[in-house]
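One-based numbering along the sequence shown.
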Amino acid sequence: VQLQASGGGLVQAGGSLRLSCAASGRTFSNYALGWFRQAPGKDREFVAAINRSRRNTYYADSVKGLFTISRDNAENTVYMQMNNLKPEDTAVYYCAASLDFGPRSEMYAYWGQGTQVTVSS
């Protein structure tokens, strides 16, 4: 499956962004989807995941209550609404697809190219 992330940008602290990730190539609804991020000089970290049926979501503690992952299987797209952004949320955000649901990056076989999110203080 091919993934194309978009929606990143520059925002002030306290602002919001909505990331999108459009999928193509394989049956989108067969895959769990996740968002990961990588800040400069840091390892890539898990942010959020949603299972195939949309019934289950999973968030990193640092974004619980602030970020919301969702998916539209008819549109082959996964979203992440990010509210009350902080400078420490600055990173390249990647969407990824997995046949299994969970937070471990090694579970995800397909990755998008990343979209930059920069939060100014």
Side-chain angles (χ1 to χ4, degrees):
V1 60
Q2 291 79 47
L3 301 168
Q4 180 76 32
S6 61
L10 173 63
V11 63
Q12 288 188 330
S16 298
L17 282 174
R18 188 193 195 203
L19 303 183
S20 300
C21 179
S24 62
R26 292 178 183 255
T27 306
F28 180 75
S29 58
N30 286 347
Y31 294 88
L33 299 161
W35 287 97
F36 294 78
R37 65 186 180 186
Q38 188 166 20
K42 294 188 177 181
D43 293 334
R44 184 168 56 192
E45 64 174 359
F46 168 77
V47 179
I50 187 167
N51 74 341
R52 287 175 282 183
S53 69
R54 298 177 295 176
R55 290 178 185 152
N56 293 313
T57 56
Y58 187 76
Y59 295 93
D61 288 343
S62 58
V63 305
K64 279 181 183 176
L66 300 173
F67 292 9
T68 303
I69 188 170
S70 61
R71 65 187 292 167
D72 185 334
N73 286 344
E75 295 294 328
N76 289 356
T77 304
V78 60
Y79 303 97
M80 188 160 69
Q81 178 67 39
M82 305 186 296
N83 296 329
N84 195 19
L85 284 160
K86 304 176 179 65
E88 51 264 42
D89 293 317
T90 294
V92 177
Y93 284 72
Y94 299 89
C95 57
S98 170
L99 291 175
D100 297 309
F101 173 61
R104 293 184 293 115
S105 62
E106 56 267 29
M107 299 167 61
Y108 291 79
Y110 304 98
W111 292 81
Q113 86 289 0
T115 185
Q116 176 71 48
V117 172
T118 303
V119 185
S120 63
S121 57

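- Residues in residues 8-96 take part in these disulfide bond (SG atoms under 2.5 Å apart) pairs, two or more places apart or across chains: Cys21-Cys95.
- Take Phe36 and apply the ring-ring contact (aromatic ring centres under 6.0 Å, His included) test, not counting sequence neighbours, and it matches Phe46, Tyr108, Trp111.
- Looking at residues two or more places apart in sequence or on another chain, you find a side chain to side chain donor-acceptor pair (under 3.5 Å) between Gln116 and Thr118.
- Across all non-hydrogen atoms, the minimal contact from Ser120 to Leu10 is CB-CD1, 4.3 Å.
- Cluster annotation: Val63 is connected to Val119 through the hydrophobic network of ILVMFWY side chains, with a link wherever side-chain heavy atoms come within less than 4.5 Å.
- Val117 has its side chain within reach of Leu19: a pair of non-hydrogen atoms, C-beta onward, lies under 4.5 Å apart.
- Placement of Leu85 and Tyr79 in two distinct hydrophobic clusters is found when ILVMFWY residues are connected by side-chain heavy-atom separations under 4.5 Å, directly or transitively.
- Glu106 pairs by the side chain to side chain donor-acceptor pair (under 3.5 Å) definition with Arg104, not counting sequence neighbours.
- Under the disulfide bond (SG atoms under 2.5 Å apart) criterion, no residue pair touches residues 36-88, with sequence neighbours excluded.
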Without placing hydrogens or testing angles, list every side-chain donor-acceptor pair under 3.5 Å for residues 48-62, not counting sequence neighbours.
from  : atom 1 : to    : atom 2 : distance (Å)
Asn51 : OD1    : Arg54 : N      : 3.0
Asn51 : OD1    : Arg55 : N      : 3.1
Asn51 : OD1    : Asn56 : N      : 3.1
Asn51 : ND2    : Ser53 : OG     : 3.3
Ser53 : OG     : Arg55 : N      : 3.3
Tyr59 : OH     : Ile69 : N      : 2.8
Asp61 : OD1    : Lys64 : NZ     : 3.1

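- The disulfide bond (SG atoms under 2.5 Å apart) analysis of residues 45-76, with sequence neighbours excluded, yields no pairs.
- Two different hydrophobic clusters hold Tyr31 and Met107 under the rule that ILVMFWY side chains link at heavy-atom gaps under 4.5 Å.
- Applying the ring-ring contact (aromatic ring centres under 6.0 Å, His included) criterion to Phe28, with sequence neighbours excluded, gives no partner residue.
- Looking at residues two or more places apart in sequence or on another chain, you find a side-chain contact (heavy atoms from CB on, under 4.5 Å) between Ala22 and Thr77.
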- prompt: Checking side-chain contact (heavy atoms from CB on, under 4.5 Å) for the pair Val78/Trp35: CA distance, chi angles, key distance, verdict?
  reply: CA-CA 9 Å; Val78 60; Trp35 287 97; 3.9 Å; yes
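- With values rounded to the nearest 0.5 angstrom, Met82 atom CE is found 11.5 Å from Arg18 atom CZ.
- Here side chain to side chain donor-acceptor pair (under 3.5 Å) pairs that include residues 80-92, with residues two or more places apart or in two chains, are Ser16-Asn83, Arg37-Asp89, Gln81-Asn83.
- Looking at Gln113, its side chain does come within 3.5 Å of a backbone N or O of Ala5 through a donor-acceptor pair.
- By the ring-ring contact (aromatic ring centres under 6.0 Å, His included) test, Tyr93 is found to be paired with no residue, residues two or more places apart in sequence or in another chain being considered.
- Looking at Thr68, Leu33, Val47 one by one, the single match for side-chain contact (heavy atoms from CB on, under 4.5 Å) with Met80 turns out to be Val47.
- Identified under the disulfide bond (SG atoms under 2.5 Å apart) test for residues 24-70, with sequence neighbours left out: none.
- Using a 4.5 Å cut-off on side-chain heavy atoms (C-beta onward), Asn73 and Arg71 make contact.
- Side-chain atoms of Ser121 never come within 3.5 Å of backbone atoms of Pro87 as a donor-acceptor pair (strictly under, hydrogens ignored).
- Within the model, atoms OG of Ser24 and CG of Leu3 stand 7.5 Å from one another, a figure rounded to the nearest 0.5 Å.
- Of the possible donor and acceptor atoms, none in the side chain of Thr27 sits under 3.5 Å from a partner among the backbone N and O of Ser29.
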